[in-house]
Every structure is written in C-alpha cells, then in structure tokens.
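Throughout, protein chains are lettered first and strands after them, A, B, ... in sequence-line order, and every chain is numbered starting at 1. Quantities reported herein were computed from a predicted structural model and do not represent experimental measurements.
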2 protein chains.
Amino acid sequence: MNRTTPAKRTTIYDLAELAGTSASAVSAVLNGNWKKRRISAKLAEKITKLAEEQGYAVNMQASVLRRDRSKIIGMIVPKYDNRYFGSIVEQFEALARARGLFPIITCTMRDPALELEAARTMLSYQVDCLVATGATDPDRVMDLCAAAGVRTINLDLPGSRAPSVISDNYGGALELTRRVLANCEREYGEKAPLLFIGGRGTDHNTMERVRGFRDAHAEAGVPVDEMLVQTCGYAPEKAESAMRQLAERTSDLPRGMFVNSTISLEGVMRWIRRSGHYAERMPHLGCFDWDPFVAMLGDHIEMVRQDVPRMLEAVFGIIDSGATDITVVQVPPIMEKAG
Amino acid sequence: MNRTTPAKRTTIYDLAELAGTSASAVSAVLNGNWKKRRISAKLAEKITKLAEEQGYAVNMQASVLRRDRSKIIGMIVPKYDNRYFGSIVEQFEALARARGLFPIITCTMRDPALELEAARTMLSYQVDCLVATGATDPDRVMDLCAAAGVRTINLDLPGSRAPSVISDNYGGALELTRRVLANCEREYGEKAPLLFIGGRGTDHNTMERVRGFRDAHAEAGVPVDEMLVQTCGYAPEKAESAMRQLAERTSDLPRGMFVNSTISLEGVMRWIRRSGHYAERMPHLGCFDWDPFVAMLGDHIEMVRQDVPRMLEAVFGIIDSGATDITVVQVPPIMEKAG
DNA sequence: CATATCTGCTCAATCGATGAAGCAAGAATT
DNA sequence: AATTCTTGCTTCATCGATTGAGCAGATATG
C-alpha cells in the first residue's frame with residue numbers, strides 16, 4: 001500500500017504511529033538502548049518487527065546531527081593505482097567497520113590543494129577522526145582539523161602535529177640497498193654504486209630512504225656520486241625521463257638501481273625496454289614497495305613490502321586508545337625476493 | 001579567543017550574531033543564493049569575510065537533513081587490489097566531484113552479504129544515487145534502493161532492474177582468443193585449443209567471455225573440451241589449485257590460456273613458476289584485464305584493457321540525463337600487447 | 001495505610017541549515 | 001496624497017533522531 005508513494009521514507013514517527021507508541025520509544029528500541037530506557041521486551045520486539053517489515057533505515061543525517069559523535073572516520077589517500085594504497089584502503093575499511101565506524105575515503109591525486117579541500121569537506125561531514133595518508137602537507141591538514149576539534153593521524157608520511165604511523169623507511173632502504181649491492185657484487189665481482197630513482201626529495205620517506213641508501217653504500221665503502229640520486233618524482237613518466245637524461249649524460253650506467261615505489265618502477269622498466277640499454281644484462285633492482293607481478297618480472301628484483309596490516313592496527317590502536325601525543329610509530333617492512 | 005574552546009564549532013547562528021544579522025541571511029549568503037533572497041552585496045561580503053575568519057564550515061548533516069537532495073553519490077566496489085577497480089574508483093571520484101557530488105565508496109570484498117549491508121548503510125546516509133560495481137547480486141541491491149526511491153546504476157556487471165554499463169565482454173573475449181590462438185599457431189604450426197581459467201561460471205561477464213572464447217575456437221575449427229573451461233573463481237589461490245588439478249589429470253597441457261582477470265593471472269603465473277611445467281616454453285597468454293607490470297612479463301601476453309574513462313562517462317551520462325530505462329551500454333575494450 | 005521505589009512509557013527541546021511567508025522602510029507610480 | 005512596488009531583511013516551521021525530564025501506575029517497604 002505504501003508502494004504507491006515510494007519516494008517517502010519511513011521514519012520513526014511512522015513506526016510509532018503503526019505501533020501505537022511514541023517516536024521516542026521507537027528510537028530507543030532501534031538504537032539498542034531500550035533496556036537503559038526501560039522499554040518492555042514486548043514492545044521492543046513489536047517495534048523491531050515493524051521496522052523490518054517497513055524496510056526502515058535510520059536517517060544518519062538526523063542521527064548524526066543530534067549526537068555528539070558522528071562515528072564517521074575519514075581517510076585521504078593519494079592514489080588507488082598500486083597495491084600499497086589499495087591494501088591500505090581495504091584494511092582501513094575493514095577495521096573501521098569492525099568498530100562500528102563508517103569510513104569515508106577521498107583520493108587526492110597527490111594534489112596539495114585537493115588534499116585541503118578534501119579535509120575541509122570531511123570536516124563538513126562531521127568526521128570524528130581523519131587519517132591522512134601520504135599527505136603532501138600533513139601539518140596544514142592537521143591545523144584545519146585541530147581548529148574543528150577533530151583528531152588526526154598521519155599514515156605513511158609523518159607530520160609534526162599529530163601521531164604518525166610509518167614504515168621504517170631508513171631500515172628498509174638500508175637492507176634493500178645492501179641486498180642489491182650484494183647481488184651486483186656477486187654477478188660482477190666488484191663493488192659499484194647503485195642509482196636511486198623516484199620519489200620527491202622533499203618528502204620524509206624519500207629522505208629517509210636516501211639516507212639508508214647512502215649508509216649502505218658507506219658501509220660497503222662505495223662512494224655515491226650526486227648524479228646517482230634522482231628524486232625526480234613518483235610518476236612513471238618522470239622516472240622514464242630521468243633515466244633518459246641520465247643515459248645521455250653518461251655511458252657508464254649503474255648495474256643496479258634502488259627504485260623508490262612500484263609506480264616509478266613502471267617508468268624505469270618502460271625505459272629499459274624501449275631504450276635498449278641493459279639489453280644483454282638486466283640491472284639488479286630493488287623496489288621500495290611490493291607488487292605481485294613485479295615479483296614475477298625476474299629473479300634480479302628485490303622488494304620491500306610495507307607491512308600494511310600492522311600499520312593499520314597501529315593506527316586504530318591510537319584511535320582506540322584516544323592517545324594524542326605526537327609520536328611516530330615505525331613499522332618494520334618485510335623483505336621480499338622475486339621469483 | 002575562541003582558541004580556548006576548540007571543541008565547539010562555528011554555526012550560522014554564531015556568524016549571525018557576530019554580523020548582527022539573522023541566521024537565515026547567513027545561510028543564504030553562504031550557499032550562494034543570496035541574490036535570489038535579496039541580500040545586499042554589502043552584507044554578503046561582510047558575512048563571507050566573517051565566515052572565512054572564523055573558519056566556518058557548513059554542517060552537511062544538518063544541511064542534508066533539511067534539503068531534499070543530499071548530493072551524495074555512493075559506489076560499492078568489490079576490491080581495491082587491481083588496476084581496473086582502482087581506476088574505476090579514481091574516475092568515479094573525479095567525475096562526481098566535478099558535478100558537485102560527494103562520493104562515498106565501500107568495498108565489499110566480493111561478499112554478497114556485505115554488499116547488501118553496504119547498500120543499506122548508504123541509504124541511511126541518504127545517497128541520491130548508488131552505483132553498484134561488479135555486484136554479485138545487483139538486483140537485490142536495486143530492490144533495496146528502489147524501495148527507498150534511490151536510483152541505481154550497474155557498472156561492470158549488468159542487472160535486470162536498472163541501467164547498466166559494462167564492457168563488451170563477448171567482443172573483447174572473441175578478439176583476445178583469436179589473437180592467442182593465432183600466436184600459438186604461429187609458434188607451433190598447428191591449431192590447438194586454449195584453456196579458459198578464472199571467474200565465476202555464474203556471473204554474466206564470465207559467461208559472455210566464455211561464449212567469445214568458444215566462438216573464436218569454433219571460427220578456427222578447433223573443438224573445446226569441457227575440461228578446458230575452468231571457471232574456478234577469481235582468487236589467485238583458486239586459479240592456482242585449478243591449474244594443479246588440471247595438470248594431475250592430463251599430461252597434455254594447453255599451449256595457450258585465456259586468463260579471466262589479472263587477479264587470476266597472479267595464481268596462474270605462480271603455478272607456472274612453482275610447478276616447473278612450461279619450463280622450456282612459456283604458454284601464450286591472454287588476460288582479460290590490464291596491468292602495467294603484466295605488460296612487462298614477456299611478449300607472449302595479450303591483454304584486454306577495459307575502457308574505464310568511457311565507462312564512467314557513460315555512467316555519469318545516465319545520471320546527468322536522469323534516464324531510468326533498463327538499458328545495457330556496452331563499451332568496447334582496448335586490445336593491448338605486452339612489450 | 002502512607003510513603004518510597006520501580007517500571008514503562010511520553011513530552012518536548014535540541015542539533016544546524018533551509019526557505020516560505022511576512023514585514024518595514026523607501027522608491028516609484030497614479 | 002494615496003497606492004503599489006521594490007528592497008532588504010527577519011521570523012519561524014521544518015527535516016528525523018536523540019535524550020533529559022517527567023508522569024502515571026504497580027509494587028515494595030516501613
């Protein structure tokens with residue numbers, strides 16, 4: 001009979017009328033605290049049944065407006081085009097849902113302006129908490145949120161105004177570099193420096209990884225020429241053109257590389273294929289990030305896989321505990337070998 | 001001075017008080033229809049400035065509660081672990097934002113129960129429209145939404161109760177199979193059937209692709225044994241174990257395969273590596289879906305890349321036009337060759 | 001028997017934004 | 001001078017759910 005007016009949604013008032021009771025009772029029953037509000041089990045059952053029959057769904061807008069906490073949790077993330085961010089988002093959703101929180105996610109395409117815009121929009125939607133993943137300018141985001149009294153947590157890239165959860169970039173890079181150096185030495189019988197390529201020279205992760213890269217070289221007694229650190233950005237095109245330019249400047253290309261993300265690796269691999277350099281012998285590669293197909297590209301590739309489950313548990317650990325002290329949790333990544 | 005009470009958010013009432021005017025005027029100014037409401041430019045400017053100073057942000061929950069349209073658009077998506085869904089989500093967000101809509105996305109892990117649960121939650125948040133991507137049971141989702149008067153559109157998998165936008169699965173599969181058959185014939189000098197592996201035998205896409213697969217074989221005059229159609233599910237593990245079982249049952253493994261998604265390809269490749277079969281000669285592969293690293297796996301792989309930009313334009317075309325007739329838009333995919 | 005306590009509800013204010021209706025003062029028209 | 005229009009606002013009800021306060025009747029306690 002209400003099939004004739006499909007546009008109108010059932011509200012607690014409709015249910016109250018049908019049940020011959022008050023909206024207040026309906027609300028109490030449907031949000032589960034009817035015992036606290038001393039509603040009889042009989043009435044509770046009646047209302048629950050009616051709600052089901054009528055296909056009732058709470059109006060979250062009304063509910064959130066009234067309550068003090070929205071139970072909405074936001075995340076901003078740079079891209080969805082690789083397994084790292086993909087699994088971050090999947091885990092985030094799963095853990096949020098497990099806690100009865102509603103996750104909303106926005107992808108910012110690595111654009112600082114969109115980042116702020118997205119944060120502002122999330123504040124408008126009354127998020128209780130915002131996780132900023134790989135934010136270009138985490139502190140600006142934090143300031144915005146702080147002004148609205150909203151907690152924030154940095155993931156992947158650390159900030160100075162909120163707790164952060166990141167990988168142990170230095171440790172991972174140190175170990176990755178060691179392995180690739182060893183692979184090169186094993187094949188060529190002599191120590192030679194690697195090329196570092198990809199990432200932004202200004203971001204914390206890249207800086208830490210470069211530090212690990214340098215320290216591993218120092219450890220091995222191998223000097224690193226400035227030209228060998230190419231923090232050209234993440235995009236495949238940028239990595240590709242950095243390779244091209246490097247090849248123009250030197251004929252003595254490095255035998256191994258540290259590629260700072262799968263996304264940069266895409267460009268590097270493309271250049272290797274197209275340019276014909278390394279035609280007889282593939283360079284030894286180390287990739288900071290993991291992808292199942294990269295793992296199949298050959299046995300000359302070492303990877304660092306960031307421990308996403310542990311990172312997100314750390315994030316929700318902070319959220320659950322309510323901690324707001326500005327700490328940086330470093331999660332050790334996992335070494336993976338191709339093949 | 002309001003730094004002391006950071007928890008309390010500025011509302012239009014606060015701004016009204018500060019500006020010595022009414023909340024109504026503030027609202028009119030801030031949502032842009034102050035001309036229509038005959039507010040003077042002078043007051044408008046004053047309010048705008050104040051809002052900026054105070055870091056005011058609308059409470060969307062209140063705003064949506066009052067309005068008839070929420071301008072929230074929902075999407076449910078199975079996974080974030082491959083480039084296809086990753087780009088769908090990125091495009092969806094971009095196109096939604098360009099229209100002033102707020103996108104909310106939920107990943108259902110291919111779980112039908114979660115699918116319905118997610119749809120219900122989105123209805124609670126008053127979405128104006130829901131795009132169901134790759135839904136296991138699109139029609140159930142549609143029914144839910146229809147009861148609430150919410151429009152829906154199917155993406156990737158078609159449904160029978162709402163407009164759908166999908167790839168031309170048959171055409172893509174036909175062409176892909178032709179190419180892989182030709183590659184095999186070129187190398188081995190004789191025609192031989194391929195193996196179809198991955199996907200769910202019950203889903204529309206898989207059925208269409210199997211049809212294309214069969215027709216291409218028929219065209220070439222090559223009979224297809226039932227054992228050669230292995231719709232074992234998408235997960236890598238399932239593909240891997242299907243390969244294992246096939247190898248146990250026959251020593252005469254096919255020289256080429258049609259792999260029904262990159263995610264299944266992961267399992268197939270893993271099995272190829274581990275089992276040692278195909279050690280001398282890699283099989284010719286066709287993969288229905290594209291991934292940049294798969295493209296680098298060797299020159300024996302052909303891929304079908306679904307035309308995500310065009311698919312999402314079609315989706316928003318339907319949304320913009322307000323059409324609700326139950327049509328299926330088929331977007332031709334793009335053939336890509338490895339290397 | 002009188003009072004206190006408990007049970008099972010209802011009432012009404014509230015969250016913040018929106019917009020129809022209305023009102024006062026000035027400008028234009030007859 | 002009287003009337004109508006226009007301008008620039010304000011008032012107030014409303015969206016739907018939540019929750020403190022309160023109230024009637026039943027039950028327990030002194």
Side-chain angles (χ1 to χ4, degrees), chain A residues 7-47 51 54-72 102 121 123-126 128 148-149, chain B residues 7-47 51 54-72 102 121 123-126 128 148-149:
Chain A
K8 195 62 190 161
R9 254 116 132 167
T10 313
T11 71
I12 49 170
Y13 297 95
D14 303 330
L15 294 180
E17 181 135 31
L18 286 169
T21 180
S22 71
S24 169
V26 174
S27 169
V29 169
L30 295 178
N31 64 32
N33 55 7
W34 52 280
K35 291 214 163 162
K36 214 173 298 176
R37 298 205 36 122
R38 295 192 308 236
I39 307 289
S40 65
K42 196 179 136 208
L43 181 58
E45 200 171 344
K46 183 176 179 185
I47 290 175
Q54 300 293 314
Y56 171 81
V58 220
N59 182 322
M60 277 302 182
Q61 258 72 38
S63 176
V64 168
L65 175 60
R66 188 62 232 283
R67 283 176 316 184
D68 48 342
R69 287 186 50 220
S70 68
K71 298 193 175 188
I72 301 177
F102 184 68
T121 306
L123 291 178
S124 273
Y125 281 94
Q126 313 297 112
D128 282 338
Chain B
K8 195 63 189 160
R9 254 117 133 168
T10 313
T11 71
I12 50 170
Y13 296 94
D14 302 331
L15 294 180
E17 180 136 33
L18 286 169
T21 181
S22 72
S24 174
V26 174
S27 170
V29 169
L30 295 179
N31 65 31
N33 55 7
W34 54 279
K35 290 214 163 161
K36 214 172 301 177
R37 307 266 319 260
R38 296 192 310 233
I39 306 291
S40 66
K42 195 178 137 210
L43 182 57
E45 200 172 346
K46 184 176 178 185
I47 290 174
Q54 300 291 314
Y56 171 82
V58 222
N59 181 325
M60 276 300 181
Q61 249 68 38
S63 176
V64 168
L65 175 60
R66 189 64 230 287
R67 284 175 316 181
D68 48 342
R69 287 187 50 220
S70 68
K71 298 193 173 187
I72 302 177
F102 184 67
T121 306
L123 291 178
S124 273
Y125 280 95
Q126 313 298 112
D128 282 337

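- Of the side-chain N and O atoms in B:Asn33, one or more sit less than 4.0 angstrom from OP1 or OP2 of C:dG19.
- The separation between A:Asp68 atom CG and D:dT19 atom P is 8 Å, rounded to whole Å.
- Heavy-atom distances under 4.0 Å link DNA chain D to A:Ser24, A:Ser27 of residues 14-30 of chain A, given in residue order.
- For the pair A:Tyr125 OH and C:dA17 P, the interatomic distance rounds to 14 Å; values are reported in whole Å.
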Could you run down the sub-3.5 Å N/O contacts of the protein with nucleotides 13-16 of chain D?
residue: D:dT14; atom: O2; partner: B:Arg66; partner atom: NE; Å: 3.0
residue: D:dT14; atom: O2; partner: B:Arg66; partner atom: NH1; Å: 3.4
residue: D:dG16; atom: N2; partner: A:Ala62; partner atom: O; Å: 3.2

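- Summarising the geometry, the separation between CD on A:Gln126 and P on D:dA17 is reported as 18 Å, rounded to the nearest angstrom.
- Nucleic acid contact class of A:Asn31 (heavy atoms, under 4.0 Å, all strands): sugar-phosphate only.
- Separating the CD atom in B:Gln54 from the CG atom in B:Leu18 is a distance of 5.5 Å, to the nearest 0.5 Å.
- Contact record, A:Ile12 with A:Tyr56: CG2-OH, 3.4 Å, taken as the closest heavy-atom pair.
- Looking at A:Thr11 and A:Asn59, their side chains never come closer than 4.5 Å, going by heavy atoms from C-beta outward.
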Show me the donor-acceptor pairs, under 3.5 Å and distance only, between side chains in residues 29-43 of chain B and residues at least two apart or in other chains.
residue: B:Asn31; atom: ND2; partner: B:Ser27; partner atom: O; Å: 3.3
residue: B:Arg37; atom: NH2; partner: B:Ser24; partner atom: OG; Å: 3.0
residue: B:Ser40; atom: OG; partner: B:Leu43; partner atom: N; Å: 3.3

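- Considering all non-hydrogen atoms of both residues, B:Val26 and B:Thr21 come closest at CG2-CG2, 4.1 Å.
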Could you go through nucleotides 3-5 of chain D and list every protein N or O atom that sits under 3.5 Å from one of its N or O atoms, giving the distance for each pair?
none

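- With hydrogens and angles ignored, the 3.5 Å screen pairs a side-chain donor or acceptor of B:Ser124 with a backbone N or O of A:Val58.
- Residues B:Gln61 and A:Met60 approach most closely at CG-O, 4.4 Å, considering heavy atoms.
- Legend: residues meeting salt bridge (charged side-chain N to carboxylate O under 4.0 Å, His left out) with A:Asp128, ordered by chain and number and at least two apart, are A:Arg69.
- With rounding to the nearest 0.5 angstrom, the CZ atom of B:Phe102 is 11.0 Å from the OH atom of B:Tyr125.
- Listed by residue number, A:Arg37, A:Arg38, A:Ile39, A:Ser40, A:Leu43 are the residues of residues 37-47 of chain A with a heavy-atom contact under 4.0 Å to DNA chain C.
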